[in-house]
Amino acid sequence: MNKELPGALVEEIGGTIGVMEEHVDFLKERFSLITMKEFKENKEHLADKIVCIFNWANKPDVNSELLKALPRLKVIASAGAGVDHLDIKMISSYGVKVANTPHAVTNSTADLAMTLLLVAARNFMEAHQIAVSPNTVRFHANWVGGDITGMTLGIVGMGRIGYKIAQRAKAFEMKILYHNRHRRPEEEKSVGASYCERLDDLLQQSDYVMLVVNLSPETEKLMGKHEFQMMKPSAMLINISRGLVVDQEALVEALETGQIKAAALDVTYPEPLPRDHPLLKLRNVILTPHMGTATFHARRIMMEDMVQNVIDAINNLPVSYEVIMK
């Protein structure tokens with residue numbers, strides 16, 4: 001007789017927020033997948049079967065009501081590095097572990113960070129429009145974008161992703177500054193970076209400011225009116241962290257008044273922005289739909305890490321990527 005597979009709660013399968021259909025066979029070999037719709041329709045029968053939640057695209061929503069309804073829940077596996085969408089303290093109070101996938105996202109997110117820098121610097125979006133416009137008869141000989149080689153990149157947050165970005169920037173022969181809670185001498189030496197203890201010092205010197213911090217009470221609205229005033233008028237902001245790290249009203253003002261030259265944002269608050277938001281109307285803004293991990297390889301590694309986290313938790317083994325409240 002086949003042993004019953006452990007129950008895993010997911011928001012849905014496929015669609016815009018469900019686990020990827022490409023991962024379903026891999027999951028079904030190890031778990032009995034239960035969607036939120038199925039769970040809500042048959043709570044009494046399914047509640048005792050569920051031992052884990054796969055939190056993909058920040059769904060399903062995890063709250064006290066859900067946790068109270070799942071007496072055998074052992075772990076919530078969250079896709080990606082950020083866990084600001086989860087109340088770790090509240091979840092822990094139910095004896096439930098939380099795990100994420102920090103390593104799986106590193107390279108793809110660093111690649112996107114450099115892509116945004118390059119696209120913004122070289123004014124790629126305008127260049128594309130010139131090239132495809134039916135009104136274009138000849139290319140303007142004196143139309144130019146910005147430089148990358150030899151320019152100064154200021155990285156705010158030298159964690160795993162920040163360091164990977166620095167490695168890529170080094171290949172472009174950029175001067176690298178970084179601001180971090182703690183100095184990182186080994187990484188500093190490896191990429192030839194210089195440490196700025198004060199954020200203002202980094203902002204005043206950088207041609208490109210890259211935000212790579214986790215969202216926390218300390219980093220919420222880290223970039224506000226004062227910080228934009230510290231930046232060069234020719235500088236560009238790139239944000240791949242979380243939308244709330246930036247005061248968006250102050251950013252709109254800085255872009256409209258020329259305090260900074262441009263911004264490239266993979267993250268905003270909320271996501272997506274309301275369709276009448278000022279950031280959607282500014283020509284010196286590039287927006288992408290929170291796509292740092294949006295590659296087939298990165299998503300597959302994320303899911304494999306999530307599965308391993310769950311299996312470890314179910315078997316009462318140490319969970320490699322458990323998120324611990326500090």
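This is a predicted model, so every value here is computed, not measured. Just the heavy atoms: all of them, side chains too, but no hydrogens, waters or symmetry mates, feed the values below.
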Pair Arg168 + Asp111: basic N to acidic O under 4.0 Å:
yes
Show which side-chain atoms of residues 129-137 pair as donor or acceptor with protein atoms under 3.5 Å away, not counting sequence neighbours.
| from | atom 1 | to | atom 2 | distance (Å) |
| --- | --- | --- | --- | --- |
| Ser133 | OG | Asn135 | N | 3.1 |
| Thr136 | OG1 | Ile130 | O | 2.6 |

Taking only residues two or more places apart in sequence or in another chain, which ones pass side chain to side chain contact (heavy atoms under 4.5 Å, CB included) with Pro233?
none
Which residues share a side chain to side chain contact (heavy atoms under 4.5 Å, CB included) with Asp25, sequence neighbours left out:
none
Listing request: all salt bridge (charged side-chain N to carboxylate O under 4.0 Å, His left out) pairs with a residue in residues 112-136, at least two apart in sequence or in separate chains.
none
Apply side chain to side chain donor-acceptor pair (under 3.5 Å) to residues Asp201 and His179 and explain how you reach the verdict.
CA-CA 9 Å; Asp201 292 339; His179 172 73; over 6 Å; no
Pairs involving residues 306-315, ordered by first then second residue, that meet side-chain hydrogen bond (donor to acceptor under 3.5 Å, both in side chains) (sequence neighbours left out):
Gln308-Asp312
Sequence-distant partners of His103, ring-ring contact (aromatic ring centres under 6.0 Å, His included), two or more places apart
Tyr321
Pairs where residues 42-94 contributes a residue and the test ring-ring contact (aromatic ring centres under 6.0 Å, His included) is met, not counting sequence neighbours
His23-Trp56, Phe31-Phe54
Going by chain and number, the hydrophobic cluster around Ile301 (ILVMFWY, side chain to side chain under 4.5 Å) further includes none
Which ILVMFWY residues are connected to Val144, directly or by a chain of links, through side-chain heavy atoms under 4.5 Å apart?
none
According to side chain to side chain contact (heavy atoms under 4.5 Å, CB included), who are the partners of Lys221, at least two apart in sequence or on a separate chain?
Asp247
With sequence neighbours left out, the residues meeting side chain to side chain contact (heavy atoms under 4.5 Å, CB included) with Thr295 are Ser108, His297, Ala298
Any pair with a residue in residues 59-78 that passes salt bridge (charged side-chain N to carboxylate O under 4.0 Å, His left out), sequence neighbours left out, goes on the list, sorted by first then second residue, please.
Lys59-Asp61
